[in-house]
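Please read the structure below before turning to the comments.
Because the structure is predicted, anything quoted here is derived from the model rather than measured.
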Amino acid sequence: MAVRVLIVDAKPARSQRLESALREAGFDVLMTVDETDDLSARMEAQEPDAVIVDADLPSRDTLENLGQLGRRYPKPVIMLAENEVPDMARDAARAGVSAYVVDGVAPSVIRSLVDVAIGHFQAHHQLRNELKRTQQTLAERKAVDRAKCLLMERHGVGEEAAYGRLRKIAMDRRLSLSAVARELLDDGR
């Protein structure tokens, strides 16, 4: 199945060359939209695998828009610029752009560029998800530890007995240990 690409570009002549190169490389170009269009609506309707922004000088609004889109519809974004602008690569990276290329792209290179950007995006996205899971696990463990301490203080028992009580409540109520711990901590305040 071909990678589905959405092009964002204000200049039809330039976007036609890019669209032709993408199709020649085996991509499915969904559509070309102007950077002033409602990108959120286009992303939702088209569901692209990647977004290519072809711009002389992307505006701050465009970069901000891309950042918001990236949070709502996480997709790899490749930005092509004709001229190098100081700090633009850094600003593009902060907005969630996966690749930033200056001075055009030869049609023979477009396939590898998009493939690498997609791979980089997926690896980064996976790391972010792992970080979120790790942070959630850590927060759950902290809640369980605090709940054990609360039970130890209230009932004058050791850590093992407090953990046993917490576990029994969780099993009896068919809840996770962390859910019971959070309830206990909320009730203890």
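A distance of 5.0 Å separates CD1 in Ile52 from CD1 in Ile78, rounded to the nearest 0.5 Å. To the nearest 0.5 angstrom, Asp38 atom CG is 7.5 Å from Arg42 atom CZ. Atom CG of Leu6 and atom OG1 of Thr32 lie 7.5 Å apart (nearest 0.5 Å). Rounding to the nearest 0.5 Å gives a distance of 10.0 Å between CG of Asn129 and NE2 of His124.
At least one donor-acceptor pair closer than 3.5 Å links the side chain of Arg4 to the backbone N or O of Gln46. Judged by distance alone, the side chain of Thr134 and the main-chain N or O of Glu130 form a donor-acceptor pair under 3.5 Å. At least one donor-acceptor pair closer than 3.5 Å links the side chain of Arg71 to the backbone N or O of Gly67.
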Inset, instruction - Determine, stepwise, if the pair Asp9 / Leu18 fulfils side-chain contact (heavy atoms from CB on, under 4.5 Å). - result: CA-CA 10 Å; Asp9 192 358; Leu18 177 59; 5.7 Å; no

Inset, instruction - Under the side-chain contact (heavy atoms from CB on, under 4.5 Å) rule, what do Val51 and Met43 come out as? Steps first, then yes or no, please. - result: CA-CA 9 Å; Val51 177; Met43 290 287 288; 3.5 Å; yes

Inset, instruction - Assess whether side-chain contact (heavy atoms from CB on, under 4.5 Å) is satisfied between Val3 and Arg111, documenting all intermediate values. - result: CA-CA 10 Å; Val3 174; Arg111 177 93 220 170; 4.1 Å; yes

Inset, instruction - Please report the C-alpha distance between Arg146 and Leu150 in whole Å, then the side-chain angles of each, then the deciding distance to 0.1 Å, and finally whether the side-chain contact (heavy atoms from CB on, under 4.5 Å) criterion is met. - result: CA-CA 6 Å; Arg146 289 193 340 254; Leu150 184 64; over 6 Å; no

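A continuous path of ILVMFWY side-chain contacts below 4.5 Å connects Val101 to Val5, so both sit in one hydrophobic cluster. Residues Ile118 and Leu113 fall within the same hydrophobic cluster, defined by Ile, Leu, Val, Met, Phe, Trp and Tyr side chains chained together at heavy-atom separations under 4.5 Å. Tyr100 and Phe121 fall into different hydrophobic clusters, where Ile, Leu, Val, Met, Phe, Trp and Tyr side chains are chained together by heavy-atom contacts under 4.5 Å. Hydrophobic clustering keeps Met152 apart from Leu185 (ILVMFWY residues linked when any side-chain heavy atoms are closer than 4.5 Å, directly or through intermediates). In the hydrophobic cluster analysis, where Ile, Leu, Val, Met, Phe, Trp and Tyr join through side-chain heavy atoms closer than 4.5 angstrom, Met79 is grouped together with Tyr73.
When the shell of 6.0 Å around CZ of Arg141 is examined, it contains 12 or fewer heavy atoms from other residues, nucleotides or ligands. Remark: Gln68 CD is packed, more than 12 non-hydrogen atoms of other residues, nucleotides or ligands lying under 6.0 Å away. Open room surrounds NE2 on His120; 12 or fewer heavy atoms of other groups in view lie less than 6.0 Å from it.
Taking both residues in full, the closest heavy atoms of Asp34 and Val8 are given as C-CG1, 4.3 Å, listed atom of the first, atom of the second, then distance. The heavy-atom pair separating Leu22 from Ile110 by the smallest distance is CD2-CG1, 3.5 Å. Pairing each heavy atom of Ala117 with each of Pro76, the nearest pair is O-CB, 4.0 Å.
Applying the salt bridge (Lys or Arg N to Asp or Glu O under 4.0 Å) test to Asp145 and every residue at least two apart in sequence or in another chain returns Lys148.
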Using atom types as modelled, flag every donor-acceptor pair under 3.5 Å from a side chain in residues 167-182 to any protein atom, sequence neighbours excluded.
| from | atom 1 | to | atom 2 | distance (Å) |
| --- | --- | --- | --- | --- |
| Lys168 | NZ | Asp172 | OD2 | 2.8 |
| Arg173 | NH1 | Glu183 | OE1 | 2.7 |
| Arg173 | NH2 | Glu183 | OE1 | 2.8 |
| Arg173 | NH2 | Glu183 | OE2 | 3.3 |
| Ser176 | OG | Ser178 | OG | 3.3 |
| Ser176 | OG | Ala179 | N | 3.0 |

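Using modelled atom types and a 3.5 Å distance limit, the side chains of Gln136 and Glu140 yield a donor-acceptor pair.
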